[in-house]
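See structure below.
So that the names make sense, note that chain A is the first sequence line, chain B the second, and so on, each numbered from 1.
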Amino acid sequence: MALIEVKNLSKIYRDNDIETIGLDNINLKIDKGEFVAITGPSGSGKSTLLQVLGCLDRPTSGSYLINGKNLEKFSDNELAHIRNNIMGFVFQAFNLLPRLSVLDNVKLPLIYSGIKEPKRTEVAQKMIDLVELNHRTDYLTSRLSGGQKQRVAIARALVNNPKIIFADEPTGNLDSKSGEIVLDFFQKLNKWGHTIVIVTHETYIAQSAKRIIQINDGKISSDKIVQDRKIAGKGDLIK
Amino acid sequence: MDLKDIFKMAMIGLVTNKVRSILTILGIVIGITAVTIVTSIGDSAEGFILGEIENFGSNSAFVIPGKGDFGESSILTDSLRDKDVVALAKKSNVPDANLIVPFVFGPATVTYDSEKFYTSLLGASPGNKDIDKLELEEGEFITNEDVVQKSSAIILGSKIKEELFGYSDAVGEKVKIKNKSYRVIGVLMPKGQSLFVNYDEVAIVPYTTAQQYILGYDYIQRIVITASSADKIPGLVRDIELTLRDSHDIDDPEDDDFVVQTAEDAAQTIGTVTSVLTIILASIAAISLVVGGVGIMNIMLVSVTERTREIGLRKALGARNKDILSQFLIEAVILTGVGGVLGIIFGSTISFIATIAIHHFTGFDFPFSSPVSGALMGVVVSTAIGFIFGIYPASQASKKSPMEALRYE
């Protein structure tokens, strides 16, 4: 059974009776352990697809199954539960809370899943160690560099041990070196068994994934396995 | 997510915008301060007035000429006469009467040489010494004989004595009122201001003398009758009413041309009046609370818009609608709650200083009334305002779709 399966998925935006098609009849399966890059020109619908797959937005029509369960009838609260427990998110703009410490930012998903102290701190600290920021645990995130911020975001995405991690242009706001470090983490996480879906418009970043889905005008225009995969951490990815 | 987490999040939200938070609660602080001051001073005033009435005698009854609760146009009503005093003095009519004290009062100008003192005159009976709790610095009080003979004896309040005579002796000297000479037979001890009269500035002559030579009428303005104890008052009042009706040939109590009041009646009436006044003033002050509440709602709405991305992020990370709702609601409640507590502290402090100032400047024995019930009310009301005016912005926050919120610039 596929981890994620969407059938005939469409998303139409309505604004003052003007319809804009975001996604047009998407059919897609993603299995456990995959590393998928969704690419396409800007406005193609790749981010929309990620938002629908990440339960941040509901499709206009079509079905969406996670682990075989159809999400169509799920309430907002049930979707929140799925985002909290099954999914992790990494955004282009990091989306950390600037007035909170690194530790408190990483703890945030645990608060919503009801994990109590001291377990909360223990788990969050482990993730901070994993992204090699243990010397910054008590720093306010506003004082970190872009690369460090994105590593905090990765730690936060991992803290509930999600089955799948969605990343929307995770290197878009980073210099190439920091970007490579971030990609290195994604490849490692994938190696450890996490499923990863990454949205990017940069071909060389897509090349670090195992599978590339190309979106054009809301439709999948190609879906192929990466032949000549780039491995981060070897200077391979720097333009 | 438990309450502690919600509180921590709300606090972070508020501390992030310290200046704004402080300005936001100002309306609530001022409102609760005003309500606290009004209720506290109102209680103090009521306590003070009741104390004065109690002081006047809980085992006395007052006979006032006229109709209605306080005797309508009582000063001009001439229904009480000497024959009533005689009737009331009969043991068979009012067996429980201890002292019967008729008196009159009015303005008068006391002159000594070229010095003048404009004052209030008390046309007294010997019993006034007891019921008004007067003490003499020197000399003596008027006697029954003075009353019967309409003698030209006068007793001066301490301030009049000082103004007219300075440090020299007054007793035995002559002063003039309306060109008639009066012999000073006594000087009162300084007593200070009480609610009804300032005895330091009062001149006392026998009431019969005052009627004939100064005021120019022959009726009586008040008769105070005391009983040996407070529990005899109901019987005393009844006896007085029956005696006076008999003396005035009245059959129907509706036609009474006099009123018998007790300290308890007066206390009740005044208690009602001050309570109503306090409620009215507090309600006016409470309007500022509504204004403060609207201010909170306004700022919370701005805050919700500003923090759209934060809301989106929290939702993406698994926050349910009610988690967001409670976070913003608790922010509003903390704001108003803190505002309420500050208001109570400021209000109590100002009331406390005010009572001291009133005591200092008027000499009234004005008690500070710690507004415990007012404080509890203040906390409850301000918290409720947080809920009422916070619920709309909070629900706006909770309804944001996570994706829309994340995309918000």
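Judged by distance alone, with hydrogens and angles left aside, the side-chain atoms of A:Asn84 form a donor-acceptor pair with the main-chain N or O of B:Leu317 at under 3.5 Å. Remark: the backbone N or O of B:Gly13 is not paired with any side-chain donor or acceptor of A:Arg99 at under 3.5 angstrom.
When the shell of 6.0 Å around OH of A:Tyr13 is examined, it contains more than 12 heavy atoms from other residues, nucleotides or ligands. Applying the 6.0 Å contact sphere to CG of A:Asn27 captures more than 12 heavy atoms from other residues, nucleotides or ligands. At most 12 heavy atoms of other shown residues, nucleotides or ligands fall within 6.0 angstrom of atom CZ in B:Phe352.
Proximity to chain B is absent for every atom of A:Arg58, based on heavy atoms less than 4.5 angstrom apart. Only the side chain of A:Leu100 comes within contact range of chain B, with at least one heavy atom under 4.5 Å from a heavy atom of that chain. At a 4.5 Å heavy-atom cutoff, the contact between A:Asn77 and chain B is made by backbone and side-chain atoms alike.
Between A:Arg83 and B:Pro402, the closest side-chain pair of non-hydrogen atoms falls below 4.5 Å. In this structure, the side chains of A:Val52 and B:Met403 stay at 4.5 Å or more apart for every pair of heavy atoms. Annotation: side chain of B:Arg309 is in contact with side chain of A:Asn95 (closest heavy-atom distance under 4.5 Å).
Contact count versus chain A (heavy atoms, under 4.5 Å) is highest, among B:Glu310, B:Arg314, B:Lys315, for B:Arg314. With chain B as partner, the option from A:Glu78, A:Glu117, A:Arg156 having the largest number of non-hydrogen pairs under 4.5 angstrom is A:Arg156.
Interatomic distance, CZ of A:Phe94 versus CG of B:Leu313, reported as 13.5 Å (0.5 Å rounding).
By the 4.0 Å N-to-carboxylate-O rule, A:Arg120 lies close enough to B:Asp5 to be salt-bridged with it. Electrostatic pairing of B:Lys8 and A:Asp104 counts as a salt bridge here, judged by a charged N lying under 4.0 Å from a carboxylate O.
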> B:Arg307 and A:Leu97: side-chain contact (heavy atoms from CB on, under 4.5 Å), yes or no, with the steps?
Replying inline: CA-CA 10 Å; B:Arg307 287 156 69 188; A:Leu97 297 181; over 6 Å; no

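Shown here for A:Tyr112 and B:Gly318, the closest heavy-atom pair between the two residues is CB-O, 3.8 Å. The nearest pair of heavy atoms linking B:Ala316 to A:Phe89 is O-CE1, 3.5 Å. Pairing each heavy atom of B:Ala319 with each of A:Ala80, the nearest pair is O-CB, 3.8 Å.
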